[in-house]
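Lettering follows sequence order; numbering is per chain, from 1. No hydrogens, no waters, no symmetry mates; every other heavy atom, side chains included, goes into these values.
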Amino acid sequence: MDISAYPFNLEVTLCCGQVFKWNKKGDWWYGVVGDRVSKLRQAGEILEFHNIEEDSVKNYFSLDHDLTRIGAEIGRDDYIRAALQDFWGLRLVRQQPWECLISFICATYKSVAAIRQMLHKLSMMFGQKIVFEGEDFYAFPTPEKLADARLQDLKSCGLGYRSPYVSKTAKKIFAGECDIEALGKLPYDQAKKELCQYPGVGAKVADCVLLFSLGKLDAFPVDVRVKRTILRYYSEHFPESFVKKLAREDSLSSSEYERICRFARDYFGKYAGYAQEYLYHYERMKYYGIAAKVSTRLNRKIEKG
DNA sequence: TACTGGCCTAGGTA
DNA sequence: ATACCTAGGCCAG
């Protein structure tokens, strides 16, 4: 497919931490979309894909979002414009709400690498096996499977204290008490409130689900990294006392969370969620960029003796 | 109403 | 190697 009409970067989109189940082999990215294993690769303005329909590709990678306009809208200052420039083509992925909800309940207080491991184990243990090109892949578990899962087995996937949250939320969803997909039709505040009724879901997880699976492009999840970014580059928008207090501690109280969230949604506007993704990824890559350089330097030292 | 600790675990780093 | 540190927070008190 010729995607010259859409600015898009497959690699950045799949690596920016919004989605955890894609793996690269050679040039190709493999992942389960729905109940099929798909593979894609990008070479400039050509996107190749197998075992997935063109319409699904467009939908999954939000190619309908007018990224140029979004960039113009959120590009309010030099800092975010630098992030936009470095990672241009990053798009939000349209995830299934159920999978997204469980994924981000699991994601609390975990690194991206650890989250990927957890979700992989969870899928291996409770998901449908799909063989593709001679290799085993696993669909994300259904609500029924996770509702029936023993806590002990959830823990064996590395979920730790998140196990009862996943179990209870799965039971609630399986019982059909609430239709998460329908929450997308509610206004942001109301949908967020509803999501927070699920065990293991607070403001941060709710914002992730709203942004990554319910089409609320103005949701702005605030994690530690985004918090640090805001404190460092947007501190002039807050009182000095607030900035100093937040700099001392690593966690956020709910009122502090809401304050940062409200600022960002107001400042970046209706596509604040895209701003969050670019800022988050920019910060993460800077961090790992430095870490990579340091370890390279160390390795050289070791090689030299 | 708002804040404070406690919490499972494992990947990454020194 | 091996001990630490930290990770896209939530919840009870």
Quiz item: Are any side-chain N or O atoms of A:K172 and backbone N or O atoms of A:Q197, one a donor and one an acceptor, separated by less than 3.5 Å?
Solution: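 Answer holds: yes.
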Quiz item: Does A:R76 use its side chain to pair, donor to acceptor, with the backbone of A:Y267 at less than 3.5 Å?
Solution: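 At least one qualifying donor-acceptor pair exists.
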Applying a 4.0 Å non-hydrogen cut-off, can you work out what [X] is touching in the nucleic acid: base, sugar-phosphate, or nothing?
X      : result
A:Q276 : base
A:C16  : base
A:G17  : base
A:V201 : sugar-phosphate
A:E249 : nothing
A:F220 : nothing
A:Y257 : nothing
A:V205 : sugar-phosphate

Rounded interatomic separation in angstrom, taking [atom1] from [X] and [atom2] from [N]:
X      : N      : atom1 : atom2 : value
A:L154 : B:dC7  : CG    : C1'   : 17 Å
A:L195 : C:dC10 : CG    : P     : 12 Å
A:L252 : C:dG8  : CG    : P     : 14 Å
A:Q152 : B:dT9  : CD    : C1'   : 16 Å
A:R284 : C:dT6  : CZ    : P     : 17 Å
A:H120 : B:dG11 : NE2   : P     : 12 Å
A:F242 : B:dA2  : CZ    : P     : 13 Å
A:K245 : B:dA2  : NZ    : P     : 13 Å

Self-check item: Side-chain N or O of A:S255 closer than 4.0 Å to phosphate OP1/OP2 of B:dC3
Solution: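 A:S255 to B:dC3 OP1/OP2: side-chain N or O found under 4.0 Å.
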Quiz item: Looking only at side-chain N and O atoms, does A:S253 come under 4.0 Å of OP1 or OP2 in B:dC3?
Solution: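 The answer is yes; a side-chain N or O of A:S253 sits under 4.0 Å from OP1 or OP2.
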Quiz item: Does A:K110 get its side chain close enough to the base of B:dT9, under 3.5 Å, for a donor-acceptor pair?
Solution: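 Indeed there is one.
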Closest approach to the side chain of [X], judged atom by atom: which nucleotide of [options] is it?
X      : options               : value
A:A113 : B:dC3, B:dG11, C:dG8  : B:dG11
A:Y109 : C:dC11, B:dC8, B:dG12 : B:dC8
A:R162 : C:dG8, B:dC8, C:dC10  : B:dC8
A:R228 : B:dT9, C:dG9, C:dA7   : C:dA7
A:Y161 : C:dG8, B:dC7, B:dA10  : B:dC7

Exercise. Determine the minimum heavy-atom distance between A:H281 and A:C15, stating which atoms define it.
Key: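 Shortest heavy-atom separation between A:H281 and A:C15 comes out as CE1-O, 3.9 Å.
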Quiz item: When hydrophobic residues are tied together by side-chain contacts of less than 4.5 Å, even through go-betweens, does A:M124 share a cluster with A:I130?
Solution: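 A:M124 does not cluster with A:I130.
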Quiz item: Considering heavy-atom distances to DNA chain B, does A:Q117 or A:Y165 have its closest nucleotide positioned more toward the 5' end?
Solution: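 It is A:Y165, whose closest nucleotide lies nearer the 5' terminus.
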Quiz prompt | For B:dC7, the Watson-Crick or wobble partner whose two distances fall under 3.5 Å | solution =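 Check on B:dC7: paired to C:dG9, both distances under 3.5 Å.
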Practice problem: Using the six-membered ring wherever Trp is involved, compare the ring planes of A:W28 and A:H50 and label them parallel, tilted or perpendicular (cut-offs 30° and 60°). | Solution: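 Geometry flag for A:H50 against A:W28: tilted rings.
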Quiz item: In terms of the angle between their ring planes, are A:F20 and A:F104 parallel, tilted or perpendicular, with boundaries placed at 30° and 60°?
Solution: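 Ring orientation, 0 to 90° scale: tilted.
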Quiz item: A:Y198 or A:Y280: which one's nearest nucleotide on DNA chain C is closer to the 5' end?
Solution: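 The 5'-side residue here is A:Y280.
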Quiz item: side chain to side chain contact (heavy atoms under 4.5 Å, CB included) with A:F140: which of A:Q96, A:Q128, A:E99?
Solution: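 Result: among A:Q96, A:Q128, A:E99, A:E99 is the only option passing the side chain to side chain contact (heavy atoms under 4.5 Å, CB included) with A:F140.
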Quiz item: Say you pick atom C1' in B:dA2 and the same atom in C:dA12; how far apart are they, in whole Å?
Solution: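 After rounding to an integer number of Å, I get 14 Å for this pair.
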Practice problem: Could you measure between the two C1' atoms, the one in C:dC11 and the one in B:dT1, and give it in whole Å? | Solution: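 It works out to 16 Å between them.
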